[in-house]
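In what follows, every heavy atom counts, from backbone to side chain, and hydrogens, waters and symmetry copies are set aside.
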Amino acid sequence: MAQKKGSTASFTVILIFTTAFAKALGFGREMSLAYVYGASPVSDAYFVAFSIPTIIFAGIGSAMLTSYISSYSRIRQENPKRLRGFTDTVITMVILISLTITLVFEIFKGPIVKLFAMGFEGEVLDIAVSLAQVIILSLVFIGVYFILQGFLQIHGSYFAVGMVSVPLNICVIASMFLSEQYGQGILGWGVVAGYFSSFLMLYLASKRHRFSYRPSFQFDTPEIRRLLVVVIPIFLGKAITELNTMIDRTIASLLPEGSVSALSYGNRVVGFVTAVFVISVTTAVFPQMSRLSAMKNTRKLKRTFARSVGLMSLMVLPISAGVILFSKEIVGLLFERGAFTAFDTQRTAEVVSFYSIGLIFFSIKEVALNLFYAIEDTVTPTVNSVLAILINVCLNFILIEPMAHKGLALATTISGGITLVMLLLILRKRIGPLGLGRIFASLVKMAAATAGMCLAAYPLYQLLHSKMESVLLPFLLAAFTGALVYGILNILLRTREMGILVVGLLERFTPS
């Protein structure tokens, strides 16, 4: 049955459009860095410094966000009067944790940065330490805005959540161009200003839902104890996942200069698809999963999972195939200007292709992990994340010699596929059949439609490109034609998820 307006489907549509805009601006950020610094020691240092607060806190912040939503849903079901004090205490905890991490980093900044980039020496290491010392000040804003995102999601306000990175990207882009005149030190302050602006936007949006905050140190309550029991394994699981990225970059720092940047730029391209489609779906669906779990409605919970996987696969499969086909053209259009050379484009495109092979694995795995968190099984995702990183490290060392930077991307893809299968088997044993047979039948139809899309789009691009000097126009026309063919083929094949998507969009954008 189609979902009503204001339902998860509607929220997903809002998130897809807002996140697409925000991530497009994020590409503007990467394009600006590529234009000003290319794949150079400064860009390598900046990527590492920029990623440090995210990697350090992403596990904690993301775990707090997930646990907060799950716990909030349960408290609202059992004792709504406790919600206000619960939120105040959680935010106070996050602030204290952020300040503590910031202080520790300032004391041990050199060794910590070296840990994130073992191959950095001399000037590039000095630049990375200098930038990271400033950027780490963003942690307090990052921590609190994780909780504010959870508050807004619970209250069905998804516009600000989807746009959260817009103020950050605007400030960062401005700092990149200003750094040409005022020195590269301003790059760090651009990040701090950006995170503060994102926090401020979420705070103002939350005020519209009667949000207020008063410091609360009531850490010894049943609600907080339950949250901590849940948050620690979630943190470990998410931190280990982020560690995968750090390991890839650390090993890449041992490869020829610019390899870290190639891996980071490639990750950004694939991350756009993940953020727009995968994270949009999981962000919209997780509060509903948590509510259904609190209500013990297992049947509807499994149906929500199956529908989410199907709809996301409908979008991700053709995009991953298209990105693989046009990886060089996409990277060239996005980054090849200024100091970013054709050689940089080639290396980055190779990374993009191997990451894209695993997009469908990462997508389904993200939904499965959220289902585990919704049923408050946090141990399984943690163990799965440990296995993923072990497999990834082993494959990194096997593949790096014959494939260099391409091997690092392929290792991530293979480990994602193996650990996804493990998760689905455990889920089926835990809560019963997940409707995987029906999902697989749809995936076969989607794969057939994707093949038809590729057969239509790539020859058309080659034909148009041979007659035009421009790359952009032939690419856009080929992409539009491919999308049209994909949609028509899914309709002809009666793919169930295409019907759900069409009905959901009609309900969202037609008058009542």
Side-chain angles (χ1 to χ4, degrees), residues 26 29-59 98 101-139 141-142 168-169 171-180 182-195 239 242-268 271 335 338-340 344 347-348 351 396 405 408:
R29 184 182 79 198
E30 306 304 328
M31 290 163 66
S32 300
L33 182 64
Y35 180 82
V36 177
Y37 293 106
S40 66
V42 175
S43 66
D44 280 356
Y46 181 76
F47 274 123
V48 169
F50 190 97
S51 69
I52 285 174
T54 305
I55 292 175
I56 288 176
F57 203 83
S98 302
I101 294 174
T102 302
L103 180 61
V104 171
F105 182 88
E106 292 294 343
I107 295 172
F108 301 104
K109 53 183 177 291
I112 292 175
V113 172
K114 186 68 173 175
L115 179 66
F116 280 81
M118 292 189 302
F120 281 8
E121 298 288 349
E123 182 187 8
V124 67
L125 178 61
D126 292 340
I127 295 171
V129 172
S130 176
L131 292 175
Q133 186 177 9
V134 175
I135 292 174
I136 201 69
L137 300 175
S138 307
L139 272 186
F141 307 128
I142 296 172
L168 168 65
N169 289 327
C171 291
V172 168
I173 289 171
S175 72
M176 287 173 182
F177 287 102
L178 288 172
S179 71
E180 291 186 286
Y182 297 103
Q184 60 200 27
I186 201 171
L187 292 170
W189 290 109
V191 177
V192 176
Y195 277 120
E242 288 296 324
L243 194 59
N244 258 327
T245 303
M246 187 188 81
I247 288 173
D248 285 352
R249 284 180 177 163
T250 299
I251 296 176
S253 71
L254 304 174
L255 293 171
E257 188 177 284
S259 295
V260 172
S261 295
L263 206 67
S264 298
Y265 286 129
N267 214 321
R268 174 64 61 183
F335 302 122
F340 199 95
D344 298 327
R347 285 193 298 180
T348 304
V351 170
N396 275 341
H405 53 283
L408 301 180

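Across every non-hydrogen atom of Ala128 and Ala49, the tightest pair is O-CB, 3.7 Å. Taking all atoms of both residues into account, the shortest heavy-atom contact from Ser138 to Val192 is OG-CA, 3.4 Å. Heavy atoms only, all atoms of each residue included: Leu131 and Gln184 are closest at CD2-O, 3.5 Å. Counting all heavy atoms, side chain and backbone alike, Val124 lies closest to Ala45 at O-CB, 3.6 Å.
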Show, in sequence, the C-alpha distance, side-chain angles and deciding distance for Leu139 and Tyr195, and conclude whether the side chain to side chain contact (heavy atoms under 4.5 Å, CB included) test is met. CA-CA 9 Å; Leu139 272 186; Tyr195 277 120; over 6 Å; no
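Looking at residues two or more places apart in sequence or on another chain, you find a side chain to side chain donor-acceptor pair (under 3.5 Å) between Lys114 and Glu121. For Phe108, the side-chain contact (heavy atoms from CB on, under 4.5 Å) partners at least two apart in sequence or on another chain are Val104, Ile112. Applying the ring pair (Phe, Tyr, Trp, His ring centres under 6.0 Å) rule to Tyr46 yields the partners Phe50; only residues at least two apart in sequence or on another chain are considered.
Counted within 6.0 Å of CZ on Phe177, heavy atoms from surrounding residues, nucleotides or ligands total more than 12; the atom is thus considered enclosed.
When atom types are taken as modelled, the side chain of Ser175 and the backbone of Val172 share a donor-acceptor pair closer than 3.5 angstrom. A distance-only check finds no donor-acceptor pair linking the side chain of Ser130 to the backbone of Asp126 [under 3.5 Å].
The structure places CG of Leu168 at 9.5 Å from CD1 of Ile173, a figure rounded to the nearest 0.5 Å. Once rounded to the nearest 0.5 Å, the distance linking CD1 of Ile52 with CD1 of Ile136 reads 7.0 Å.
Counting heavy atoms from C-beta on, the side chains of Leu125 and Val113 come closer than 4.5 Å.
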